[in-house]
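Shown next, in structure tokens, is the structure this report addresses.
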Amino acid sequence: MSITVDATSSSEVPFLNVVDPGFTFGAPEVAEAQARNWYADSPVGLLVLGYAESHALLRDQRLDHNGKRFMEMNGVLDGPIFDWFVPMIMNHDGEHHRRLRSLVGKAFTPRMISGLRPFARAEAQRLAEHLASAGECDFIEEFANPLPLAVMSEMLGVPPEDHDIFHTWTTDIGLVFGIAVDPGVRPRVESALVGLNGYIDGLMADKRARPGDDLISALVAAQDDDQLITKEELRNLIVTSVFAAHDTTRHQLANAMVAFAEHPDQWRLLGSRPELADQAVNEAMRWLPSSPTIYRFAAQDFDYQGLHIAKDTFLTMCVAVAQRDPRVFPGGTTFDITAGHDAPLLQFGAGPHHCLGIALAKAELAEALPALAHRLGPPEFAGPFTWRPAIGIHGPNTLPLCFGRS
């Protein structure tokens, strides 16, 4: 994998080995690199470390997603991953992107999100009650997985008996952004896509024949009204929604618990002041985002802050670093659910590609965290655990926890 940046080598440009299995964006050398420069070099290309620069470049029309180029960089030239990833909504710009986003927007409404909150609350309380009697647990398997899976299935109209297979598929699809670090995950992603594509085709046909009060029924109806979206485009939208609604949220829940296990005073505060739920969600996402990086390609040659960036240069906005930038987040090196930082989070993108699912993700966490903090004492690590690679959807692979008294 190569980088094409026209710039004179300088000791002022740090180097971060983000593909090292032990690398973490929370390491001291990363904060030191951010203090030295707004960008760093790496084996995968240019890393943008500053918040202001990341925010600006995410909105810069001289950059694009270029899903085809991303696949080629990772040795994927055809097959199920290529066929799903390249036409994905986030990899389109301009009129095509607006058309696809408009279709999703017709179905993914604030009313739908509000309607899901009582269900999410009841599920969170039920799962928290189970943890209260479980002693030691794997938090991911016993809470972080089942909660967003149940909410997603309720939203899409997936029957409970299919939850387990959905869990496997959506978990494996999320590995696609880590192919650069671990090419060995490719067969898992391919298998998941084949299974999920076939299942979604059947579900779409069923919802067209017997529509219900769910997202897929609404999308099918919107497609029938629009007549500009093909069956393949609709399937791609739904598969992408499934992946986003489950995998990123489960990792964000797990990441939040890691943060609270390391800051038990903040857990106790949330337990006594549930009105801090929304701020706690924002702080958990700021502190340890499940999407710690967002990539772009240079669509043309251009200059930015004294750096000449050549066409096709691969840039990675390091969200996990930018969201602790002390120039934008005063006290940002401290996890504090009362802080109420004003700067918008970057993990959901910016501009035309700002994630449509942000409201659902925040709603789920805003129901889950207070339910847990009310019923359970501070979480404590009950054993060692490993992490997904720093590049891509990020979080613990497992999370052994036990809870103190509430």
Open item on the list: Please check this pair: side chain of Ser272 against backbone of Leu269, looking for a donor-acceptor N/O pair closer than 3.5 Å.
Closed with: yes
- [ ] Answer yes or no: is there a side-chain heavy-atom contact under 4.5 Å between Lys68 and Phe82?
- [x] yes
Task: Chi angles and distances behind the side chain to side chain donor-acceptor pair (under 3.5 Å) call for His246, Asn145 - done: CA-CA 8 Å; His246 178 224; Asn145 257 331; 3.1 Å; yes
Task: is_close_aromatic(Phe329, Trp287), centroid dist under 6.0 Å - done: no
- [ ] May I ask you to test the Gln34-Arg327 pair for a side-chain heavy-atom distance under 4.5 Å?
- [x] yes
Task: Side-chain touch Leu127/Pro146, heavy atoms, less than 4.5 angstrom - done: yes
Open item on the list: Using a strict threshold of under 4.0 Å (side-chain N to carboxylate O), is an ion pair present between Lys207 and Asp214?
Closed with: yes
Task: Exam field: side chain Asp138 to backbone Leu399, donor-acceptor pair closer than 3.5 Å - done: yes
TODO: Nearest 0.5 Å please: distance from the CD1 atom of Ile391 over to the OG1 atom of Thr293.
DONE: 4.5 Å
Open item on the list: Would Thr338 and Asp336 count as a side chain to side chain donor-acceptor pair (under 3.5 Å) here? Give the steps.
Closed with: CA-CA 5 Å; Thr338 69; Asp336 180 4; 2.7 Å; yes
Open item on the list: Are Leu345 and Gln323 packed together at the side-chain level, in the sense that at least one heavy-atom pair is separated by less than 4.5 angstrom?
Closed with: yes
Task: Gap between atom CD of Glu283 and atom CD of Gln266 - 0.5 Å precision - done: 7.5 Å
Task: Asp64 with Arg296: basic N within carboxylate O range, under 4.0 Å - done: no
Open item on the list: Within this structure, what is the CG-CE distance for the pair Asp206 and Met204, rounded to the nearest 0.5 Å?
Closed with: 11.5 Å
Task: Residue pair Pro292 / Ser290: nearest heavy atoms and the distance that separates them - done: CD-O, 3.3 Å
Task: Salt-bridge present (Asp172, Arg186; N to O < 4.0 Å) - done: no
TODO: Using a 4.5 Å cut-off on heavy atoms from C-beta on, say whether the side chain of Asn66 contacts that of Glu72.
DONE: no
Task: With Ile238, the side-chain contact (heavy atoms from CB on, under 4.5 Å) member among Leu234, Thr240, Asn236 - done: Leu234
Task: Short side-chain to backbone donor-acceptor contact, Asp41 and Phe15, under 3.5 Å - done: no
Task: Interatomic spacing from CG in Leu307 to CH2 in Trp38 - rounded to 0.5 Å - done: 5.0 Å
Task: Centroid separation Phe70 to Phe297 less than 6.0 Å - done: no
Open item on the list: Do Gln347 and Arg286 have side chains that approach each other closer than 4.5 Å (heavy atoms only, starting at C-beta)?
Closed with: no
Task: Whether Ser217 side chain and Gly212 backbone form a donor-acceptor pair below 3.5 Å - done: yes
Open item on the list: Restricting to non-hydrogen atoms, name the atom on Val48 and the atom on Ser54 that form the minimum distance, rounded to 0.1 Å.
Closed with: CG1-OG, 3.4 Å
Task: Residue pair Glu262 / Phe335, side-chain heavy-atom distance below 4.5 Å - done: no
Task: Donor-acceptor pair, side chain of Glu136 and main chain of Pro400, under 3.5 angstrom - done: no
- [ ] Enter the distance from Thr170:OG1 to Asp247:CG here, rounded to the nearest 0.5 Å.
- [x] 6.5 Å
Open item on the list: Check Glu32 with Arg36, please: is the shortest side-chain N to carboxylate O separation under 4.0 Å?
Closed with: no
Task: Sidechain-backbone polar pair: Ser153 side chain, Leu149 backbone, donor-acceptor under 3.5 Å - done: yes
Task: Shortest non-hydrogen separation from Leu49 to Ala40 and the atoms involved - done: CD1-CB, 3.9 Å
Open item on the list: For a quick test of reading the model, state the closest non-hydrogen atom pair linking Cys402 to Ala382 and the distance between them.
Closed with: N-CB, 4.0 Å
Open item on the list: Could you tell me if Asp162 and Tyr199 have a donor-acceptor pair between their side chains, going purely by distance under 3.5 Å?
Closed with: yes
- [ ] Determine, stepwise, if the pair Thr248 / Ser291 fulfils side chain to side chain contact (heavy atoms under 4.5 Å, CB included).
- [x] CA-CA 7 Å; Thr248 56; Ser291 298; 4.2 Å; yes
TODO: Measure the CH2-CG distance between Trp387 and Asn255 for me, rounded to the nearest 0.5 Å.
DONE: 5.0 Å
TODO: Would you indicate whether the side-chain heavy atoms of Leu63 and Met317 approach each other to under 4.5 Å?
DONE: yes
TODO: I would like to know whether Thr24 and Val30 meet side chain to side chain contact (heavy atoms under 4.5 Å, CB included); could you show each step before the answer?
DONE: CA-CA 8 Å; Thr24 170; Val30 179; over 6 Å; no
Task: Salt bridge Glu129-Arg126, side-chain N to carboxylate O under 4.0 Å - done: no
Task: Ser191 side-chain N/O to Pro187 backbone N/O, donor-acceptor pair under 3.5 Å - done: no
Task: Parallel, tilted or perpendicular: rings of Tyr295 and Phe85 (30°, 60°) - done: parallel
Task: Shortest non-hydrogen contact between Leu288 and Gln252, atoms and distance - done: O-NE2, 3.1 Å
Open item on the list: Checking Leu47 against Thr316 for the side chain to side chain contact (heavy atoms under 4.5 Å, CB included) test, could you report, in this order, the C-alpha distance in whole Å, the side-chain angles of both residues, the deciding distance, and whether it holds?
Closed with: CA-CA 5 Å; Leu47 306 178; Thr316 301; 3.9 Å; yes
- [ ] May I ask you to decide if the ring planes of Tyr51 and His55 are parallel, tilted or perpendicular, using 30° and 60° as cut-offs?
- [x] parallel
Open item on the list: Students often mix this up, so state it plainly: with edges at 30° and 60°, are the rings of Phe25 and Phe23 parallel, tilted or perpendicular?
Closed with: perpendicular
- [ ] List the atom of Trp267, the atom of Leu376, and the distance in Å for their closest heavy-atom pair.
- [x] NE1-O, 3.0 Å
Open item on the list: Using side chain to side chain contact (heavy atoms under 4.5 Å, CB included), reason through Asn397 and Phe385 one step at a time and then give a plain yes or no.
Closed with: CA-CA 7 Å; Asn397 290 308; Phe385 55 93; over 6 Å; no
